Amino acid sequence: MNSWSVRAYDLMPARYYQPAYRYIAGSLELTSGAILDVGCGPGWVAIHASVGNPELDCVGIDLSPDMVRLAERNRGNRLNCTFKVMDAAEIIYPDATFDRIVAVQTMHHWSDPDAILRELHRVLKPAGQLVLLDADADGDVPSGWIARRGPWPPDVFIKRMWEQHSLGADGLRAMTERVSALDWTVKTDKLGFYRRLVATKA
Ligand SMILES: C[S@@+](CC[C@H](N)C(=O)[O-])C[C@H]1O[C@@H](n2cnc3c(N)ncnc32)[C@H](O)[C@@H]1O
């Protein structure tokens with residue numbers, strides 16, 4: 001993402017997605033151990049997961065140095081959050097480092113999904129979970145998942161953004177097939193307005 005897109009993301013979606021980021025962080029159900037947020041953007045899922053959980057190590061990685069700068073700004077003084085510029089296809093962490101890995105609204109950017117999935121499988125601990133989330137432009141916008149100022153942003157605007165910036169149903173089906181080629185059990189369902197894929201490592 002170029003600097004202008006990063007700034008626009010910070011001013012718009014990153015603000016109105018705050019309730020969604022909180023729900024996602026809570027859904028990971030982890031109070032100690034380590035979480036990796038892949039394609040973390042402004043870092044909010046890792047940041048919300050870290051709040052009130054000093055025993056939890058929250059790491060966010062992103063290809064974009066501008067996004068990582070934003071995430072570092074947003075982190076403030078939370079010492080259990082770390083953000084790094086890193087390609088998810090070449091993760092520097094050792095095997096079996098993380099209890100949970102979450103990737104929100106980033107899969108449509110992945111140029112080599114198989115390489116990324118192999119890396120995510122490698123750095124996940126046994127029995128750990130990978131959670132992939134992609135906004136569902138065909139579904140509703142559940143109340144309470146978006147922070148609005150008056151009527152802004154309206155559902156029609158939000159859904160237009162998802163149509164343009166998501167994997168979509170077919171893309172997620174193809175991703176599910178790619179994920180299923182590795183050694184973990186795979187389940188798909190919904191979380192709020194996201195299509196969710198959860199892969200649990202053997
Ligand atoms: C639409 S943003 C979503 C950010 C954040 N997850 C959120 O929901 O607010 C997608 C992010 O994925 C990052 N990204 C794309 N490909 C990546 C890769 N191979 N490794 C790490 N980050 C990547 C982009 O730089 C971008 O910041």
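For the single chain, residues carry numbers from 1 onward in sequence order. Fair warning: this is a prediction, and the values are worked out from it, not measured in the lab.
- In terms of heavy-atom proximity, Thr106 sits nearest to Val38 at CG2-O, 3.5 Å.
- By the 4.5 Å heavy-atom criterion applied to side chains, Asp112 and Glu119 are not counted as neighbours.
- Residues forming a salt bridge (charged side-chain N to carboxylate O under 4.0 Å, His left out) with Asp114 (at least two apart in sequence, or on another chain): Arg178.
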Item to check | Pair Val59-Phe98, side-chain contact (heavy atoms from CB on, under 4.5 Å): steps then yes or no | outcome: CA-CA 9 Å; Val59 177; Phe98 297 99; 4.0 Å; yes
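- Aromatic ring orientation, Phe157 versus Tyr16: perpendicular (interplanar angle above 60°, classes split at 30° and 60°).
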Next on the checklist: Let's go through Leu63 and Asp87 carefully: what are the C-alpha distance in whole Å and the side-chain angles of both, what is the deciding distance for side-chain contact (heavy atoms from CB on, under 4.5 Å) to 0.1 Å, and is it a yes or a no?
Outcome noted: CA-CA 5 Å; Leu63 265 186; Asp87 186 346; 3.7 Å; yes
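- The aromatic rings of Tyr17 and Phe193 lie tilted to each other, with the angle between the two planes from 30° to 60°.
- Atom NE2 of His165 and atom NE2 of His108 lie 7.0 Å apart (nearest 0.5 Å).
- Note on Asp136 versus Arg196: no salt bridge recorded, every NZ/NE/NH1/NH2 to OD/OE distance being 4.0 Å or above.
- Atom CD of Glu90 sits in a sparse spot, with 12 or fewer heavy atoms from other residues, nucleotides or ligands closer than 6.0 Å.
- Note on Lys190 versus Asp140: no salt bridge recorded, every NZ/NE/NH1/NH2 to OD/OE distance being 4.0 Å or above.
- Other residues, nucleotides and ligands contribute only 12 or fewer heavy atoms inside 6.0 Å of the NZ atom of Lys84.
- Using a 4.5 Å heavy-atom cutoff, the side chains of Met107 and Pro113 are not in contact.
- When the ring pair (Phe, Tyr, Trp, His ring centres under 6.0 Å) test is applied to Tyr9, no partner is found at least two apart in sequence or on another chain.
- The side-chain hydrogen bond (donor to acceptor under 3.5 Å, both in side chains) test with Arg195 singles out one residue from Asp138, Thr176, Thr188, and that residue is Asp138.
- Results of the ring-ring contact (aromatic ring centres under 6.0 Å, His included) test with Tyr23 over Tyr194, Trp44, Trp145 single out Trp145 as the only residue that passes.
- Contact of the Arg122 side chain with the Arg118 side chain is not registered, since no non-hydrogen atoms from C-beta on lie closer than 4.5 Å.
- Contact of the Ser3 side chain with the Val6 side chain is not registered, since no non-hydrogen atoms from C-beta on lie closer than 4.5 Å.
- Under 4.0 Å is where a charged nitrogen must lie from a carboxylate oxygen, and between Glu72 and Arg69 no such pair does.
- Sequence neighbours left out, the pairs with a member in residues 10-22 that pass salt bridge (charged side-chain N to carboxylate O under 4.0 Å, His left out) are Arg7-Asp10, Asp10-Arg73.
- Of the inter-residue distances, the one linking Asp99 atom CG with Ser32 atom OG reads 7.0 Å to the nearest 0.5 angstrom.
- With contacts defined as side-chain heavy-atom distances shorter than 4.5 Å, the pair Thr97/Leu36 does not qualify.
- Taking a 6.0 Å sphere around CH2 of Trp152, one finds it holds more than 12 heavy atoms contributed by other residues, nucleotides or ligands.
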